[in-house]
Amino acid sequence: MDNRFDDLRPYTDEELPAAMERIAADGNFPAIASFIFPDRPLEEVRSLVCGIRGTYNLQTQVMMPLTERIIDTTTDGFTYSGTDMLRHGEPYLFIGNHRDIMLDSTLLQYVLLTNGHDSSEITFGSNLMSSTLLVDIGKSNKMFKVVRGGNIKDFYRNSMHLSEYLRHTLTEKRSSVWIAQRNGRTKDGNDVTDKGIINMFCMSCKENKVKALAELHIVPLAVSYEWEPCDILKTLELYASRFGAYVKKKGEDLNSILTGISQPKGRVHMEFCPFVTEDELSRVSDTSRNEYYNIVARIIDRRLWKAFRLYPNNFIAHDLLHHECRFSDNYTKAQKEAFRQRMMLLEQFKDYDMSVLMEIFLRIYATPVDNKEQVSGI
């Protein structure tokens with residue numbers, strides 16, 4: 001077995017039973033079990049988990065019911081499109097606009113398994129590995145570690161190692177991968193691909209920058225939530241960032257995970273965008289490496305912006321932000337009032353400049369309207 005990537009990779013099926021035993025014995029297991037299977041006795045769920053012997057069984061027997069429960073209890077419907085482009089047995093690098101820490105990739109796994117595809121591996125930031133429980137849950141669900149932090153030398157070494165792992169996973173293991181278009185979630189509503197991510201992909205194939213990306217089979221993946229996950233939390237973080245470097249509080253990532261899962265999301269849509277083809281990569285290859293990475297990032301952005309599904313909230317926010325009624329045909333008075341009520345939750349934060357808070361909140365929802373207008377009109 002290739003052990004070059006033991007520090008990054010998910011658990012194997014042979015390692016999974018021990019992880020299931022640890023999860024079932026954890027003090028948080030009763031709360032997890034009651035959320036996923038509210039109508040089943042605790043010991044029955046514990047027995048189910050302890051009997052799981054492979055990732056496929058875990059994802060179909062536990063994660064699929066969990067995802068369906070989230071969809072049923074916190075959304076007004078989940079839809080998806082573009083799966084007809086995916087070939088069975090073909091690995092893809094799904095580059096997603098990242099709006100929710102867990103749900104974006106969780107919904108992808110649900111769609112892939114529902115349509116008879118293998119699930120993908122998923123990036124798992126080292127900053128989220130805050131407990132043995134989270135590590136076991138993540139690595140049992142095909143998550144692999146992305147190392148955060150460190151000095152410049154560490155950053156280069158970790159980026160190269162990650163690039164090699166991604167290429168190994170896609171071309172040798174023949175497994176698909178989901179990765180965010182940039183480090184961390186989109187918090188301001190502006191889904192922009194970091195050209196550094198494109199650079200990282202190419203580090204493991206420096207001799208041919210077209211081949212470096214073409215053989216990864218890049219598929220931009222757009223997810224759109226009617227109600228932005230953690231919109232209030234994102235607003236507060238962006239506010240704090242305007243007045244200095246933002247420092248996360250202890251337990252903040254876990255709070256965001258739980259909020260994202262439990263918060264009402266309205267309608268949710270996922271769209272698999274057209275592949276980034278070898279032909280279009282070749283057409284822009286006669287450029288410097290830096291410009292090449294930038295052009296590819298913009299290709300991905302345009303696909304994601306075009307695929308992003310706008311909801312009434314996006315149009316309402318745009319009109320409120322710009323003090324106009326330009327998009328009033330796209331929403332009702334009741335929808336506008338519901339959006340205002342959501343925004344008024346910010347008034348509990350008395351020590352903040354309310355006009356700045358509300359501007360940030362509105363831009364989270366309004367920016368996708370501007371982006372979509374750039375690529376397709378509205």
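The model shown is predicted, which means the values in this text are computed figures rather than measured ones.
Using a 4.0 Å cut-off between charged side-chain N and carboxylate O, Asp188 and Arg182 make a salt bridge. Look at Arg167 and Glu164 and you find no salt bridge, because none of the NZ, NE, NH1 or NH2 atoms lies under 4.0 Å from a carboxylate O. Under a 4.0 Å N-O distance rule, the pair Arg99/Glu226 does not qualify as a salt bridge. Ion pairing between a basic and an acidic side chain is recognised when a charged N comes within 4.0 Å of a carboxylate O; Glu337 and Lys333 show no such pairing. Asp76 and Lys265 are not joined by a salt bridge, as no carboxylate oxygen comes within less than 4.0 angstrom of a charged side-chain nitrogen.
Tyr11 pairs with exactly one of Thr55, Asp136, Asn141 by the side chain to side chain donor-acceptor pair (under 3.5 Å) rule, that one being Asp136. Here the rule is salt bridge (Lys or Arg N to Asp or Glu O under 4.0 Å) with Glu121, and of Lys142, Arg174, Lys173 only Lys173 fits it.
Between Phe124 and Phe144, the distance from one ring center to the other does not fall under 6.0 angstrom. For Tyr311 and Phe315, the gap between ring centers reaches or exceeds 6.0 Å. Between Tyr80 and His269, the gap from one ring centroid to the other reaches at least 6.0 Å. The six-membered or imidazole ring of Tyr331 lies away from that of Phe339, with a centre-to-centre distance of 6.0 Å or more.
With rounding to the nearest 0.5 Å, the separation of CZ in Arg342 from CG in Asp231 is 4.0 Å.
Of the possible donor and acceptor atoms, none in the side chain of Tyr292 sits under 3.5 Å from a partner among the backbone N and O of Val284. No side-chain donor-acceptor contact under 3.5 Å links Asn294 to the backbone of Asn290.
Shown here are the side-chain contact (heavy atoms from CB on, under 4.5 Å) partners of Ser262, two or more places apart in sequence or in another chain: there are none.
At least one cation-pi condition fails for Lys195 and Tyr293: the charged atom is not both under 6.0 angstrom from the six-membered ring centre and inside a 45 degree cone around its axis.
Leu134 and Met20 fall into different hydrophobic clusters, where Ile, Leu, Val, Met, Phe, Trp and Tyr residues are linked whenever their side-chain heavy atoms come under 4.5 Å apart, directly or through other members. No chain of hydrophobic side-chain contacts below 4.5 Å, direct or via other Ile, Leu, Val, Met, Phe, Trp or Tyr residues, connects Leu221 to Phe308.
Within 6.0 Å of the CG atom in Asp286, the count of heavy atoms belonging to other residues, nucleotides or ligands does not exceed 12. The local environment of CG in Asn158 is crowded, with over 12 non-hydrogen atoms from other residues, nucleotides or ligands closer than 6.0 Å. Surrounding CD of Glu278 are at most 12 heavy atoms belonging to other residues, nucleotides or ligands under 6.0 Å away. Enclosure of atom CZ in Phe155 is not indicated, since only 12 or fewer non-hydrogen atoms of other residues, nucleotides or ligands lie within 6.0 angstrom. With a 6.0 Å radius and a threshold of 12 heavy atoms from other residues, nucleotides or ligands, Arg242 has its CZ atom above the threshold. Other residues, nucleotides and ligands contribute over 12 non-hydrogen atoms within 6.0 Å of the CZ atom of Phe35.
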